[in-house]
Amino acid sequence: MSSKLNSRIPEGPIAEKWTKHKGTIPLVSPANKRRIDVIVVGTGLAGSSAAASLAELGYNVKAFCFQDSPRRAHSIAAQGGINAAKNYQNDGDSVFRLFYDTVKGGDYRSREANVHRLAEVSSSIIDQCVAQGVPFARDYGGLLDNRSFGGVQVSRTFYAKGQTGQQLLLGAYSALERQVAKGRVKMYARHEMVDLVVVDGKARGIIARNLVTGELERHSAHAVIIASGGYGNVFYLSTNAMGSNVTAAWKAHKKGAFFANPCFTQIHPTCIPVSGESQSKLTLMSESLRNDGRIWVPAELEDAKAIREGRLKPTDLPEEKRDYYLERRYPAFGNLVPRDVASRAAKERCDAGYGVNKTGEAVYLDFSAAIMRYGKEQANLKGMPNASEAEIRALGTKVVESKYGNLFQMYEKITDENPYVTPMKIYPAVHYTMGGLWVDYNLMSTVPGLFVAGEANFSDHGANRLGASALMQGLADGYFVLPYTVGTFLADDIRTGPISTDLPEFVEAEKAARARFEGFLKAKGSTPVEVFHRRLGKIVWDKIGMARNEAGLKTAIAEIRALREEFYRDVKVLGGMFEMNPELDKANRVADFMELAELMALDALTREESCGGHFREEYQSEDGEALRQDDAFAFVSAWEFTDNDPGKATLHKEDLVFENVKLVTRSYK
Amino acid sequence: MNLTLKVWRQKNAQDQGSFATYAVRDISPDMSFLEMMDVLNEQLIAQGVESVVFDHDCREGICGMCSMFINGEAHGPDRGVTTCQLHMRKFKDGDTITVEPWRAKAFPVVRDLMVDRSAFDRIIQAGGYVSVNTMGNLPDANATPIEKHDADAAFDAATCIGCGACVATCKNASAMLFVSAKVSQFALLPQGQVEAADRVRNMVHQMDLEGFGNCTNTGACEVECPKGISIENIARMNREYLKASITA
């Protein structure tokens, strides 16, 4: 292991590590907490829950988000649910099984101790949210309902229709606003972190741009928590929000925080396919739909062609002429295989010519079987043994509507097709990034005092995240991990006193940020930022997307470097620095994506194996499954920014030690 | 299709503001309204004109950030959608489309089509929460069963996205639908009972302080609400308010 990395995993049996560790973390007395300031960047599930919880403990918190209100962070768009090892269904779930499923689902590239802690605190998250008044789905007995998600064989997912993220975020947002009302949190909305300030080797503040006035502001604190989400927008088209960006994390990386596993990105199998050139984003259709939807393409090429040309309707194709390829290839898990497996299988069919929309990049997600199944159940319950097919269909449609109504409505609004009648068309799209800033067991990065939570860190999902685990991790980090672990760093700061923003480090960082923004304005080129972003996205999707190979990655690096050079020369940003200027903010974000993209390619090139979302074409089995190389690559790659060039980053390796889970070839057959 | 756009331009809160007229060509009916605005903005930048500023983020109808008043309707002519989910197939070739910001005293314009909705955050700060700290040893989530009907009704109220369409569409610029949705969510759940009286009093008080108008039961808010929040919630809030007043 690299000497610069210390994962600080506590000693002892895995099930006791967290309890023992909590007992040894130094405490900060309530009186001293009042003298300590903490900055939280981002107000999604991780950021809001951390800010609220730390303020409740007595720390002075400053929270930042670029949206007009913390309630709009992109966690709000999470649909399907949140996992917890409650075992309410009596189907054999346990903390160990959730831990095991997550490590296996991540294709054995995550840190055991962190994942076990996540599974341990998962139950408390549900208790906390229910106490806050989060309206989870319930059954007729008034108890909480569960459903199943990909990659597992139990039902442990709690949900609120297709709006679970919204309800959980509004819970955390309420807790946050309660602290704002008390004056324990100072909220800075429409503010974006544009640099990290490091004083004497410790993270002591940030430079933030006030997005309304354009002013650069200095904010100091004793510790900084980055919870700014993932970097999926490096692909231009993704299910992320338009404003989601990597800038906070990337600036921290350039100030010394190592970036881990940047090539681990998740392509979600069920999104609405791309419709045209001016498309700005992609919309997810929740994985929960795979509980009831069956995925298929025509079994014969002629039929696929006829469908593409509009000569044949999918509903006219008889059962025997359909290929339910996930059920065929993976009988044990069927339509509920993990996301990486489902995405690659869709790509494989479409590449082979079986795609079902005009572009040939779509497969069907069909609910007709589920509608009839539920309809029969309802007919029995209602004492209608002789119900007609139409009656059964109507009853079943109602059940499906109660489960997924908002998703079906969303689909219909976008595509103008009724998914209750004709199967949905779906295709994989970028959705989540497992990689992120490297953190130790305490969620502290390689810069002392800089903590990283939620999607912004790398720690829990390995090379592939299981469905309904992102919400779990964000809230675990914010509610139940950071409030304890910040003590490991802040206990030494009770005598430090306020940090001055007149320190030379603050002055320097502000000056550098200003020069950067002025640089974009001075370029006075001919091409809008959006065009550069679109071009970057195309390179990343084509060459660092669902399948990668050595030659493609090398080409990608050259193309990204050339694009970056062109960007600084030819970008066209109108308006001024000290005013509201969304184009200027976008330029700043895209500039960072262009550096990150190169590091992603470098990481993908270095990792000569296939695992989870990282599929190197050179490393696959005869039937096209991913081939891990455990002897050589069972490590976390943590990159250190070097020589002011993302392409010259230095690789540090954190060896992954598996003491509780045996490394086997992941099989969902 | 080809369209004429009359778009409100306003440099900042102090500026008077006025309409500017732009033409856009070759708009696909499958584009969302915001993607059409992206096309306009790329075109403006090419002409050396600063792009039109508007709030938007998730572009899938859930963050509540987009907020345009299109042809006199909040989020435009379609029902049950936000502006980002409004598609150009709802318009015809040759149409002239008028695009304005939300107009309400409590939502001052920041720039162009972007307004300041922080009043909503302050109303939530006044009581839109259950006072529970983060605790690792709360009662088990299944300790208190909640009737499915109530849980579902609480969920329906809780789906409000805080976009402000109700305020923008109300002739009185009333925020009653927004406030009542939050009051209702907690009024329907056992967790909300302890603070029920204070919650409704404080939230209504803050709503009045922010300068929102009163409700005169025209029901326009319910029609324009992208999430279909029912005005039944307003009736429930009035009951809660009355109850709080006589038991105080």
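By convention in this document, chain letters (A, B, ...) are assigned in the order of the sequence lines, proteins followed by strands, and residues within each chain are numbered from 1.
Each of B:Ala126, B:Ala143, B:Ser131 has some count of heavy-atom pairs under 4.5 Å with chain A, and the biggest count is that of B:Ser131. For the set A:Leu143, A:Thr283, A:Leu284, A:Thr239, the count of heavy-atom pairs under 4.5 angstrom toward chain B peaks at A:Leu143. With respect to chain A, the highest number of heavy-atom pairs below 4.5 Å among B:Gln185, B:His87, B:Met31 belongs to B:His87. Among A:Pro528, A:Pro582, A:Gly575, A:Gly165, the residue with the largest count of heavy-atom pairs under 4.5 Å with chain B is A:Gly575. When each of A:Ile414, A:Val180, A:Ile126 is scored by its heavy-atom pairs under 4.5 Å with chain B, the top score falls to A:Ile414. For the set A:Gln279, A:Gln167, A:Gln128, the entry with the most heavy-atom pairs within less than 4.5 Å of chain B is A:Gln128. Top candidate by heavy-atom pairs under 4.5 Å with chain B, chosen from A:Ser402, A:Ser53, A:Ala131, is A:Ala131. Contact tally against chain B (heavy-atom pairs below 4.5 Å) for A:Arg178, A:Met242, A:Met187: the top residue is A:Arg178. If you tally non-hydrogen atom pairs under 4.5 Å between each of B:Gln85, B:Glu147, B:Arg111 and chain A, the highest count goes to B:Arg111. Highest contact tally toward chain A, considering only B:Val130, B:Leu138, B:Ile146, is held by B:Ile146 [criterion: heavy-atom pairs under 4.5 Å]. Of the listed residues (B:Gly48, B:Gly192, B:Gly61, B:Ser118), the one with the most heavy-atom contacts under 4.5 Å to chain A is B:Gly48. Of the listed residues (B:Val49, B:Leu189, B:Ile124), the one with the most heavy-atom contacts under 4.5 Å to chain A is B:Ile124.
For A:Lys182, no part sits under 4.5 Å from any heavy atom of chain B, backbone or side chain. There is no contact between B:Arg122 and chain A, counting heavy-atom distances below 4.5 Å. Neither the backbone nor the side chain of B:Met36 comes within contact range of chain A; no heavy atoms are under 4.5 Å apart. Contacts between A:Glu530 and chain B at a heavy-atom distance below 4.5 Å involve the side chain alone, from C-beta outward. Within the 4.5 angstrom heavy-atom criterion, no atom of B:Asn137 approaches chain A. Looking at B:Asp55, only its side chain comes within 4.5 Å of chain A, counting heavy atoms on both sides. Both the backbone and the side chain of A:Gln67 come within contact range of chain B, judged by heavy atoms closer than 4.5 Å. Contacts of B:Asn133 with chain A are made by both backbone and side-chain atoms, with heavy-atom separations under 4.5 Å. Heavy-atom distances place the backbone of B:Pro139, and not its side chain, under 4.5 Å from chain A. Residue A:Val573 does not touch chain B at all, counting heavy-atom pairs closer than 4.5 Å. Residue contact with chain B, scored on non-hydrogen atoms closer than 4.5 Å, is absent for A:Thr527. At a 4.5 Å heavy-atom cutoff, the contact between B:Thr159 and chain A is made by backbone and side-chain atoms alike. Residue B:Val110 touches chain A through its side chain alone, counting heavy-atom pairs closer than 4.5 Å. Contacts between B:Ser51 and chain A at a heavy-atom distance below 4.5 Å involve the side chain alone, from C-beta outward. Of the two parts of B:Phe155, the backbone and the side chain both hold a non-hydrogen atom closer than 4.5 Å to a non-hydrogen atom of chain A. Both the backbone and the side chain of A:Tyr479 come within less than 4.5 Å of a heavy atom of chain B. Proximity to chain A is absent for every atom of B:Val52, based on heavy atoms less than 4.5 angstrom apart. With a 4.5 angstrom heavy-atom cutoff, B:Leu188 does not touch chain A via any of its atoms. For chain A, the nearby part of B:Lys11 is the side chain; its heavy atoms alone come within less than 4.5 Å. For B:Met65, the parts lying under 4.5 angstrom from a heavy atom of chain A are both the backbone and the side chain.
Ion pairing of B:Glu42 with A:Arg534 is present here, as a side-chain N (NZ or NE/NH1/NH2) and a carboxylate O approach within less than 4.0 Å. Under 4.0 Å is where a charged nitrogen must lie from a carboxylate oxygen, and between A:Glu177 and A:Arg71 no such pair does. Salt bridge annotation for B:Arg89-A:Asp416: present, with a cationic side-chain nitrogen under 4.0 angstrom from a carboxylate oxygen. Checked for salt-bridge contact, B:Asp57 and A:Lys281 miss the test: no charged N lies under 4.0 Å from a carboxylate O. Residues B:Asp152 and A:Arg138 are not paired through a salt bridge, judged by the lack of any N-O separation under 4.0 Å between the basic side chain and the carboxylate. Ion pair A:Glu120/A:Arg117 not flagged as a salt bridge, since none of the NZ, NE, NH1 or NH2 atoms sits closer than 4.0 Å to an Asp/Glu carboxylate oxygen. Taking a cutoff of 4.0 Å between a charged side-chain nitrogen and a carboxylate oxygen, A:Arg184 and A:Glu56 do not qualify as a salt bridge.
Using cut-offs of 30° and 60° on the angle between ring planes, the pair B:His56 and B:Phe54 is tilted.
With hydrogens and angles disregarded, no donor-acceptor distance shorter than 3.5 Å links the side chain of B:Trp102 to the backbone of B:Val109. Not one N or O on the side chain of A:Ser48 forms a donor-acceptor pair closer than 3.5 Å with the backbone of A:Leu45. For the pair A:Asp127 (side chain) and B:Ala141 (backbone), a donor-acceptor distance under 3.5 Å is present.
Ring centroid separation for the pair B:Phe107 and B:Phe120 comes in under the 6.0 Å cut-off. Checked against a 6.0 Å centroid threshold, the rings of A:Phe532 and A:Tyr236 do not count as neighbours. Aromatic ring centroids of A:Tyr88 and A:Phe158 lie under 6.0 Å apart.
A side-chain donor from one of B:Asp121 and A:Ser69 sits under 3.5 Å from a side-chain acceptor of the other. If you check the side chains of A:Tyr159 and A:Asn146, you find no donor sitting under 3.5 Å from an acceptor. Residues B:Arg59 and A:Ser280 bring a donor and an acceptor atom of their side chains to less than 3.5 Å of each other.
Nearest heavy-atom pair across A:Glu192 and A:Asn245 is OE1-ND2, 3.2 Å.
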